[in-house]
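Contents: one structure, followed by commentary.
Lettering of chains follows the sequences in order, A, B, ..., and the numbering in each one begins at 1. The model shown is predicted, which means the values in this text are computed figures rather than measured ones.
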Amino acid sequence: MEKSLDINAIIKHQRNRYPVLLIDKITHLVPENSAIGIKCFTYNEWFFPGHFDDEPNVPGFIQIESLVQTFIMTFLCKKEYCGLKTNFVSINNIKFKRKIVPGDVMEIRATLKSFKRGVAIGRSESFVDGEPACSADFIVAVPQILDQFKPKA
Amino acid sequence: MDNLELYKKAFIDTFMVEESDLPALKYQAIPAWDSVGHMGLMALLEEIFKVELDIDDIIEFSSYETGILILKKYNVVLG
């Protein structure tokens, strides 16, 4: 069943907060499968004056963070994972295809390939005006779940 | 590569250690073998040897040497 989530629902499911909550809406969600998210960039973002003062554009690390925050919604949307913290294990195959500037709306399509024993593997691709913007492969861990599989000391 | 070589390679690739480090290698003995590294190693061994490890065995798998005994339970003979 496809669902959509507004910002209040996103805040309920994941632990990122201002100024690093970098998705505004989830428009389509298939739990443990895929998610489509939206991030709107306004000139009022904290990073534009510094990147760069004469040519504001979205830094790569912000784009990657938006991509992964959409990605983690594919499993954090489940009741048993709601509100859990996550951390990066690896980011691979990153591509930046175009500059993103104030006024742009980035659509992010995330796919969860597998989620087993607290390790999520998948990919996100983003688009602005229908054109590819950024993409990356992710491995993300949920430490609270991993702790259940820790070897005995 | 035989099974033992594959097993060694899994540790070497996951933890970036030398082969000479393997016999004494234990969970948390090196920074790379933390809970995340442990799950990465388990996933890689499952893929290489086409097995699915029980939760109890994942928890018991606390060293290079212990792992050899655990994989024997899954008919994976090393060396």
Review point. Is B:Val36 linked to A:Phe88 within one hydrophobic cluster, defined over Ile, Leu, Val, Met, Phe, Trp and Tyr using a side-chain heavy-atom separation of less than 4.5 Å?
Key: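 Yes, it is one cluster - the side chains of B:Val36 and A:Phe88 are joined through contacts under 4.5 Å.
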Check your understanding: Same hydrophobic cluster for A:Val20 and A:Leu84, using side-chain heavy-atom links shorter than 4.5 Å among ILVMFWY?
Key -> no
Practice item. Could you tell me the separation between the NZ atom of A:Lys39 and the CG atom of A:Leu22, rounded to the nearest 0.5 Å? Key: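 With rounding to 0.5 Å, NZ (A:Lys39) is 5.5 Å from CG (A:Leu22).
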Review point. Which value, rounded to the nearest 0.5 Å, describes the distance between A:Ile38 atom CD1 and A:Ser126 atom OG?
Key: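 Taking CD1 in A:Ile38 and OG in A:Ser126, the distance rounds to 11.0 Å.
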Flag, side chain of [X] to backbone of [Y], donor-acceptor distance under 3.5 Å:
X       : Y       : answer
B:Tyr74 : B:Glu46 : no
B:His38 : B:Ile58 : yes
B:Asp2  : B:Leu4  : yes
A:Arg17 : A:Ile11 : yes

Using a 4.5 Å cut-off on heavy atoms from C-beta on, say whether the side chain of [Y] contacts that of [X].
X        : Y        : result
A:Lys116 : B:Glu52  : yes
A:Ser114 : A:Ile121 : yes
B:Phe61  : A:Pro151 : no
A:Ile7   : A:Ile23  : no
B:Lys26  : B:Ser62  : no
B:Ile70  : B:Glu60  : yes
A:Thr42  : A:Glu45  : yes

Tell me the residues of [range] whose non-hydrogen atoms fall below 4.5 Å from those of chain B, in number order.
range                       : value
residues 131-149 of chain A : A:Ala141, A:Leu146, A:Asp147, A:Gln148, A:Phe149
residues 47-81 of chain A   : none
residues 90-112 of chain A  : none

Exercise for review: Output, in order, the C-alpha distance, side-chain angles, deciding distance and verdict of salt bridge (Lys or Arg N to Asp or Glu O under 4.0 Å) for A:Lys25 and A:Asp6.
Suggested key: CA-CA 5 Å; A:Lys25 196 172 181 176; A:Asp6 65 10; over 6 Å; no
Check your understanding: If you check every heavy atom in residues 9-21 of chain B against those of chain A, which residues fall under 4.5 Å?
Key -> none
